[in-house]
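Notes follow the structure.
All residue numbers in this chain count up from 1 along the given sequence. Bear in mind the structure is a predicted one, so any value in this text is a computation, not a measurement.
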Amino acid sequence: MAKSLMVRITHATAPLALRVAETGAIPIWAVVRHRGRKSGKLYSTPIAIRPTPDGFILPLPWGEGTDWCRNLRAAGGGAIRWGGADIEITDPELVDAAAAMPFFDAYMRPIMKLIGIKKVLRVRRTVAAPDARPLTQRTA
């Protein structure tokens, strides 16, 4: 019941979260751009994010079955809008959340555990680009 309520709240607030994440004003928010596995349609999804030396950690609060996670994995990457820049990402890899904890600060670690995040998606940064459209033209 609680998860169902959270899903409804997430869907209701997604348009606002997307606009805020696009601005780069909140460092933990980003927008992942990915193509549908079957439709080829371009999607933009607001997500939480943590930088790593070579890419990013994307927490999976709804699990690895979310469409954006499955789309990135099927395509081998996509693009992220973070901090006002468009960044191509590649090599999506599922990782246990415990292995990713060093990338989260002392404030975020307990939140990750409280939310029950078991897996994260690790992606690697390739190049920064002024326009993400060429980066997300891939189809699955």
Can you check whether [X] reaches [Y] side chain to side chain, under 4.5 Å on heavy atoms?
{"X": "Val32", "Y": "Tyr43", "result": "no"}
{"X": "Trp82", "Y": "Val31", "result": "no"}
{"X": "Arg37", "Y": "Arg70", "result": "yes"}
{"X": "Arg50", "Y": "Phe56", "result": "no"}
{"X": "Met112", "Y": "Val120", "result": "yes"}

Any residue meeting side-chain contact (heavy atoms from CB on, under 4.5 Å) with Lys118, in chain and number order, not counting sequence neighbours =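 Per chain and number, Lys118 pairs via side-chain contact (heavy atoms from CB on, under 4.5 Å) with no residue.
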What heavy-atom pair brings [X] and [Y] nearest, and what distance separates the two atoms?
{"X": "Val123", "Y": "Leu58", "answer": "CG1-CD1, 4.2 Å"}
{"X": "Asn71", "Y": "Gly36", "answer": "ND2-CA, 3.7 Å"}
{"X": "Gly76", "Y": "Thr90", "answer": "O-OG1, 3.2 Å"}

Could you pull out all donor-acceptor pairs under 3.5 Å where a side-chain atom in residues 92-110 meets a protein atom, sequence neighbours excluded?
{"from": "Asp96", "atom 1": "OD1", "to": "Lys119", "atom 2": "NZ", "distance (Å)": "3.1"}
{"from": "Asp105", "atom 1": "OD1", "to": "Tyr107", "atom 2": "N", "distance (Å)": "3.1"}
{"from": "Asp105", "atom 1": "OD1", "to": "Met108", "atom 2": "N", "distance (Å)": "2.8"}
{"from": "Arg109", "atom 1": "NE", "to": "Met101", "atom 2": "O", "distance (Å)": "3.2"}
{"from": "Arg109", "atom 1": "NE", "to": "Phe104", "atom 2": "O", "distance (Å)": "3.0"}
{"from": "Arg109", "atom 1": "NH2", "to": "Phe104", "atom 2": "O", "distance (Å)": "2.9"}

May I ask you to decide whether Asp91 forms a salt bridge with Arg122, counting only side-chain N to carboxylate O separations under 4.0 Å?
->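 No, no charged N to carboxylate O under 4.0 Å.
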Counting distance only, does the side-chain N/O of Trp68 pair as donor-acceptor with the main-chain N or O of Arg33 below 3.5 Å?
->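 Side chain of Trp68 to backbone of Arg33: no pair is present.
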Sidechain-backbone polar pair: Arg81 side chain, Gly84 backbone, donor-acceptor under 3.5 Å =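 Such a contact is found between Arg81 side chain and Gly84 backbone.
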